Structure formats: C-alpha cells, structure tokens
Amino acid sequence: MKKLLLIAAMAALAIGANADGYKLEQVWKNTDVTSLYLTGVRQGFGMNGMFYINDTQWNGEGEPTIYIYGENGLEATMPGYANTAITCDEAGNLVVMDNTGFAAHTNDDPWSLGAAIKVIDLATSESKVYEIPPDALLSGRCDFLGFAKGNLMEDGQIFLLGGKNEQVFSIITISGGEVSEDESYHVSNDLVKNVTTSTVLNYYTDINGDEAILYVTRNAALAKIPMDNLSGGATFSLPGKGNSNGTFPFVWDGKELFLYPYKGSDVTNYLDGWAIAEAGAAEPLVAVPSTVAAASNGYQNNWLNAVVENDGVTIYQYYPGGYIAVYRLTKEVPKVYMLGGDDQTWNPTSGTEFAYDTENNVYTATVTFPAEYNFFGFTTELAENDDDGGWAYIEPFRFGAIADEGTDYWYTGEEDYISLTWDAYHAIRIPGGEYTLTVNLDDMKLYIEPVSHSLRGDVDMDGSVGIADVTALIDYILSHDGTGIDLVAADCDLDGNVGIADVTALIDYILSHQW
C-alpha cells in the first residue's frame, strides 16, 4: 500500500490524494504549551477541537491544574491531579488518576494503595471517584492511562498496568455508577511483557466489531488482546515504529488502523514523527516525518489519538515540550461520469456526472435512453478536449462491464448486477427506457433498475397485455417509430433486441398466459 508522505516544513500542511485516494492536512499547530512545566505534563489527549493536559506542578509552584488548550491558546483550566495520567472514555468523560503522586511510589510498592480513578463529565462538571478495589491492586506504579470502555459515569471498564514487569494487568469495572468489586480483578497474559510505568492498554472495537484492548509499551511489540479471551491475543509490528509512547487503534474506511510514533529511517528515537498503518504492513498508509532535530522531552512521549467522524478522521498530537497539533485525514472521492447515451454520443470530453451517496458509498443517476438500443460506459476523469489526447487521455480511468474479449455487454434485465472492471471498457448495450444506474466502485458492480418497472409485453403501456400490444409491436417493427412504445416491455423474448421473434413470444403468451 502506497504511503502518503507530508513535507513537514510547511506552516499549513496539505497534499493531494495518493493512489488510495487519501488526503491529509494539518489543520492547526500551537507551540504555546511549551510554557507548561515539562516534568509534570507527560500525558495529554484531544477531542472536540481541544487538548486536555494535566500539569502536576512538580516544581512546587502552584496547584496541579488541567489545562484546556485550543487553536488560539489556553481556553480554560480545571483542578488537576498529582499523577500525570489523563485520558477519556467512549462517552467523552475525562478520566484521571486521583489521590496519588506517581513519584511517591517505588517499583516495589503497590502504586494503587489509596489510589482512585476520577471521572469528570465535561458537559455537566459532575464527577465521580472510584477507589481501586484490593483485588485489582498492582505492583509498581502507573504514570499513564489508556482509553477506557463505555461511560465510566455509569457503566464501563478501564484497564491498568503496573510499572513492575509482571505479566498481568487489571480490569476495573463500573456498574450502575459504582465499582463492581466482583468484576474487578487481575488477568495473566504472556503477551504483557517489558511493562514500564508508561505502558497503557487502549480499549477499542476492531474491524469485525469485536471488542479488544491494545497493549502499548515503547520497548516491546504491540499486542492485540481480544476481550473474549483476555489471556490470549497476538503481537504484531508497525512499519518504522519508533520507541516513543503513544499508539492508538481505530477503524476507518474498511480498515483496522493504528496511529503511532514514526521513526522511519531516522537514527534518533523519541522525535515527533507519526504514521498510520495496518498491522504487519510493509509501509505506512500515511507518514509524517519528524520536524525536530532532537527530542523535546526526556520521557519518550508522543501522544496521539484519533476521532473517527462521518467525513474523515481528526488526529490529535500532543508532543510534550514541543506543541499540540490537529490533522484531518479524508478520502478523496473520485467522480464517475457515464459516457455514451443518446445525448453524449460516446464523447471523451463530456459525460453525465453521477451523484455520490456518502452514506452508502455509491454513485447514482437516473438516465433516459430514448433509442431502441443505446450504449454507455464509465470513466472517473474526462479528457479536457480532443487535442489533449482524447480517449488515450482518459484510458487509465475508464471502466466497463466484464464481457467476452473485444465485445460489448448486452444487458438483458435478468441480471442482479453487472460486474465491472478497469481492464475492459467496451460499451454496455441497453434497451431504450428510463433507468436508475448505481455504481459501487468498492466491489465494482453496476445495478440497473428500470424506473418505469415495465410490464413484460405491455407494449402500448396501457397496464395490461393483450392483442392491442401485438398490433403496437408490429407497427413499431414496420415503422421504427418508438412514439408511445415501451421498448423494454417490447423485448418479449428477453434477447436484448426487438423484432419479429418478440411478436411470436407475445402471441404465445396471450394464448397460454405463460412466458
């Protein structure tokens, strides 16, 4: 899969679509956060156009504070917490570690003694504090929090790791707005290894709609752990992944993707590059190279998260000691033009543009073919004029039906759909009439629906089939005047043509009432 590479020196980044039709641009970047005290602002995340960063004030000045930053700088503040951990759940509630400072515990002490999870509803400012139950205590300490499941104000789960290298993690379950001690416990998993104080578990729903958690540590392989088998799972790699903290899973455009710190060919780790790739891919789908020559923080942090929306993906990047930035990843939708038809006469410089249905990811148009038989094909790009190359100019973008080599495809009306291909673009032949044409480029299929829903044999369009239709059909064959004639209904033997054989088939039907 060809990657999309940005030139990172630009103030506002934008690049055209790559071979897969993706477009990435930097919406804004703000370096104002460099004034925060670096030691205590190690984790941050973005949503709703804002970044939430917890400053623990370990320099002894002031009180711990949650800073809310936007494009134009500091927007608001909230009371902060002594632990740098800050994240959110699926409902958009703020989640922090309460009642403990991460520096107060060594790796030999349970960091969670007296610790609690605090959840804040940003819309109402209501909050709840959940003490971590004894059966979910961990050894070591936890500096960061992964993204949580559900709505922790009511029902959900958060997954915790301790800084001591034990192959175990904890599940804290919230049920009915309270901690469920029976459902809060340790889980052993051999994939959970090389755990550090910055290792996190991010909850997500995968490409198959199954629940999973992503094990993310900076100095070991990533692991996907299915929720229906918490002791199982599998490790995987990402191309050019650096050792910085921060990898986020999401599903978009029919792919299970991972947003992660990107080292690429750089010899230095812990910089600010990032990328998006599928698990095990040879190269990223999107890659943004580093913009700094040396690490801006000593904590190997480059926090990234993605918010999937109807029209694309918003990407938030918090690089401690450096900046916050927002990006937009979208898919450029190609246009589809119908070539041919009575009005277009198979002209490479003009065509009927189909409307794009964003919800169903298909292209549609209602087209009238007035002639007895007409022809059409498709392209995603038109030639500007014949001097620019005519058919040769649009050849890479033309597509048509799969048919016998070198022949047109004759539409009979019996097909559920017509299979399309980029390798053949001969005409599709269709009886005269009005149709709704629907093109699906993902599975390369064309669906044809007659608008009139013609009654087979109702040549004169009076709603019934009888001897008057035989007369109308014979008159058409003799005169070739299609006025007042339904040529779709006139193709009584369904061979794709209208002729004397259709008269015979129609008379047989009138006599036997069977086609």
Side-chain angles (χ1 to χ4, degrees), residues 338 340-346 352 354 360 362-378 400-421 424-440 443-515:
M338 187 194 77
D342 185 70
D343 296 332
Q344 304 299 339
T345 63
W346 203 253
T352 300
F354 277 39
N360 299 301
V362 295
Y363 301 81
T364 62
T366 298
V367 181
T368 298
F369 298 97
E372 174 184 347
Y373 249 92
N374 219 306
F375 51 89
F376 65 94
F378 294 103
I402 296 175
D404 294 335
E405 185 175 357
T407 64
D408 292 342
Y409 182 94
W410 291 83
Y411 171 70
T412 68
E414 296 296 297
E415 301 92 335
D416 292 330
Y417 59 84
I418 297 175
S419 295
L420 303 172
T421 174
Y425 36 81
H426 293 283
I428 299 170
R429 300 277 176 170
I430 191 168
E434 187 178 15
Y435 303 87
T436 296
L437 307 182
T438 301
V439 175
N440 188 326
D443 56 12
M444 291 297 284
K445 291 179 180 178
L446 167 66
Y447 300 87
I448 302 177
E449 181 70 23
V451 172
S452 60
H453 302 286
S454 301
L455 175 65
R456 185 176 173 185
D458 184 17
V459 181
D460 63 1
M461 299 183 291
D462 68 353
S464 62
V465 178
I467 194 65
D469 296 296
V470 176
T471 301
L473 180 55
I474 293 173
D475 287 346
Y476 168 74
I477 292 172
L478 294 175
S479 67
H480 295 290
D481 181 1
T483 304
I485 297 297
D486 186 339
L487 291 173
V488 175
D491 183 16
C492 297
D493 64 357
L494 303 179
D495 70 346
N497 297 288
V498 177
I500 195 64
D502 296 296
V503 176
T504 302
L506 180 56
I507 293 172
D508 288 344
Y509 171 77
I510 293 172
L511 294 175
S512 66
H513 298 290
Q514 291 184 346
W515 288 110

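All values derive from a computational prediction rather than experimental measurement.
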Is there a donor-acceptor pair closer than 3.5 Å between any side-chain N or O of D491 and the backbone N or O of D495?
yes
Only counting residues at least two apart or in another chain, list the ones meeting side chain to side chain donor-acceptor pair (under 3.5 Å) with S464.
D462
To the nearest 0.5 Å, tell me how far L473 CG sits from C492 SG.
6.0 Å
First locate atom CG of L437, then atom CG of L446, and finally report the distance between them rounded to the nearest 0.5 Å.
6.0 Å
Measure the NZ-OG1 distance between K445 and T438 for me, rounded to the nearest 0.5 Å.
13.0 Å
Closest approach of D458 to V465 (non-hydrogen atoms, all atoms of both residues):
N-CG2, 3.8 Å
For the atom pair OH (Y409) and CD (E415), what is the distance rounded to the nearest 0.5 Å?
3.5 Å
Taking the six-membered ring for Trp, are F375 and F369 closer than 6.0 Å centroid to centroid?
no
At what distance, to the nearest 0.5 angstrom, does CG of D486 lie from CG of D469?
10.0 Å
Does D408 form a side-chain contact (heavy atoms from CB on, under 4.5 Å) with I428? I'd like the steps, not just the answer.
CA-CA 6 Å; D408 292 342; I428 299 170; over 6 Å; no
With sequence neighbours excluded, residues passing side chain to side chain donor-acceptor pair (under 3.5 Å) with N360:
D357
State, to 0.1 Å, how close I418 and A401 come at their nearest heavy-atom pair, and which atoms those are.
CG2-CB, 3.5 Å
Go through L494 and T412 one step at a time and tell me if the side-chain contact (heavy atoms from CB on, under 4.5 Å) criterion holds.
CA-CA 6 Å; L494 303 179; T412 68; 5.5 Å; no
Does the side chain of I402 come within less than 4.5 Å of L420's, by heavy atoms?
no
If you take all heavy atoms of M461 and I485, which pair is closest and at what distance?
CE-N, 3.9 Å
Do T407 and H426 make a side-chain contact, defined as non-hydrogen atoms from C-beta onward lying under 4.5 Å apart?
no
Closest contact, heavy atoms only, D443 versus Y447
OD2-OH, 4.2 Å
Would you say that V451 contacts T436 through its side chain, given a criterion of any heavy-atom pair below 4.5 Å between the two side chains?
yes
Quick one, F354 and M338 - any side-chain contact, counting heavy atoms below 4.5 Å?
yes
Angle between ring planes, Y509 versus W515, binned at 30° and 60°: parallel, tilted or perpendicular?
parallel
Would you compute the distance between atom CZ of R456 and atom CG of D493 and round it to the nearest 0.5 angstrom?
8.0 Å
Do you know the tightest heavy-atom contact between P450 and I448?
CD-O, 4.0 Å
Does Y435 reach the side chain of V488, with side-chain heavy atoms less than 4.5 Å apart?
yes
One pair to check against side-chain contact (heavy atoms from CB on, under 4.5 Å): E434 and V367. What are the steps and the verdict?
CA-CA 6 Å; E434 187 178 15; V367 181; over 6 Å; no
